[in-house]
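Below: one structure, written as structure tokens.
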Amino acid sequence: MNLCDIRTIRDIMSIYNINFRKEFGQNFLTNRTVVEDIADSCSDTEEATILEIGPGIGVLTQELAFRYRKVIAVEIDNGLIPVLKYTLSDCPEGVVEVVHQDIMKTDLHALLDPYFEQGSVSVCANLPYYITTPILMALLESGLPFESITIMIQAEVADRLCAKAGSKDYGAITAVLNYYGTAEKLFRVSAGNFLPAPKVDSAVVRIRLHKEKPYQPKDEDTLFRTIRAAFEQRRKTLPNALSAGFRDIPKETLTAIVEACGHRADIRGERLDIAEFTALADRIYEERQKRGL
């Protein structure tokens with residue numbers, strides 16, 4: 001069954017009386033080469049388990065099922081569950097498990113822990129713009145040792161995830177992501193490769209998670225709070241931005257901390273990479289500890 005064929009997609013939708021649902025960001029891929037390239041990028045080993053978020057009608061799920069040992073497909077749309085039972089019927093027996101849940105409400109540990117005991121687990125997802133950051137952060141903060149996360153997202157968001165410190169696209173999400181792993185933009189996917197065609201192009205990004213984080217902050221919460229403060233008012237100098245985020249520390253003290261980390265007082269947060277943010281957060285943490293905060 002060619003799930004990239006537009007006529008096949010429309011026939012399936014007609015048979016099962018389903019419509020594209022904007023609230024779930026449903027745009028189905030119609031280019032098999034793109035689907036195959038995404039599937040190939042998900043893991044370095046065919047023995048991997050793949051957590052697929054938002055399988056839709058199963059076009060990518062099919063390709064994953066013929067490449068990897070196990071595929072756990074989590075789908076929020078109840079109307080697509082019988083569709084997936086039909087479209088995935090030709091997949092190798094026992095490889096695909098469809099789970100009808102909202103990934104944001106799913107207990108990832110309960111769902112995936114047994115598979116981590118058997119080998120590596122990676123994530124594959126085609127994420128709508130409005131939910132990209134929440135889902136990505138939920139995966140990163142889960143504490144689960146994913147091998148990689150391969151996601152197709154809005155091209156503009158992909159640029160932000162892969163940006164370098166000091167560039168216009170670099171932001172809080174970039175710095176936080178760099179704490180957990182390394183992001184690489186694999187290729188761009190034009191809007192014409194989807195049904196219905198979205199208004200913007202997409203891109204596929206692969207995030208390889210650190211097996212051991214290269215930077216170990218004294219306190220993770222302080223690190224994330226420091227990054228958040230630095231970018232919430234990114235036009236301000238770093239001491240001014242930090243002053244708004246850490247009101248319990250005098251601005252002159254924060255300025256001294258910034259300078260003690262080797263930066264000029266007029267630097268902006270967007271210039272700092274994750275190593276520099278970690279060093280800065282450690283000094284802020286020490287200062288707060290000293291003050292009994």
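In this chain, residues are counted from 1 in sequence order.
Side-chain contact annotation: Ser41 with Thr150, donor-acceptor N/O pair under 3.5 Å absent. Under 3.5 Å, the side chains of Asn193 and Ser190 contain a donor-acceptor pair of N or O atoms. For the residue pair Asn240 / Thr237, a side-chain donor-acceptor distance below 3.5 Å is found, with atom types taken as modelled.
Within the 4.5 Å cutoff, side-chain heavy atoms of Leu29 are placed close to those of Met152.
In terms of modelled atom types and a separation under 3.5 Å, the side chain of Lys236 and the main chain of Ala230 share no donor-acceptor contact.
Aromatic pair Phe231/Tyr170: ring centres closer than 6.0 Å. For Tyr179 and Phe224, the ring centers sit closer than 6.0 Å to each other.
Residues Arg67 and Asp40 are paired through a salt bridge, judged by an N-O separation under 4.0 Å between the basic side chain and the carboxylate. The pair Glu287-Lys290 meets the salt-bridge criterion, with a side-chain N (NZ, NE, NH1 or NH2) lying under 4.0 Å from an Asp/Glu carboxylate O. Here Asp169 does not pair with Arg160 in a salt bridge; the nearest charged N to carboxylate O distance is not below 4.0 Å. Checked for salt-bridge contact, Glu63 and Arg32 meet the test: a charged N lies under 4.0 Å from a carboxylate O.
Here the options are Ile249, Thr253, Ile257, Ile284, the test is side-chain contact (heavy atoms from CB on, under 4.5 Å), and the partner is Leu242; only Ile284 passes. Checking each of Arg69, Glu97, Glu147, Gln118 against Thr49 for a side-chain hydrogen bond (donor to acceptor under 3.5 Å, both in side chains) leaves exactly one that passes, namely Arg69.
For Glu36, there are no side chain to side chain donor-acceptor pair (under 3.5 Å) partners at least two apart in sequence or on another chain. Not a single ring pair (Phe, Tyr, Trp, His ring centres under 6.0 Å) links Phe187 to another residue, sequence neighbours left out.
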Review point. Between Ile57 and Ile9, is a side-chain contact (heavy atoms from CB on, under 4.5 Å) present by the stated rule, with each step listed?
Key: CA-CA 8 Å; Ile57 62 171; Ile9 295 173; 3.8 Å; yes
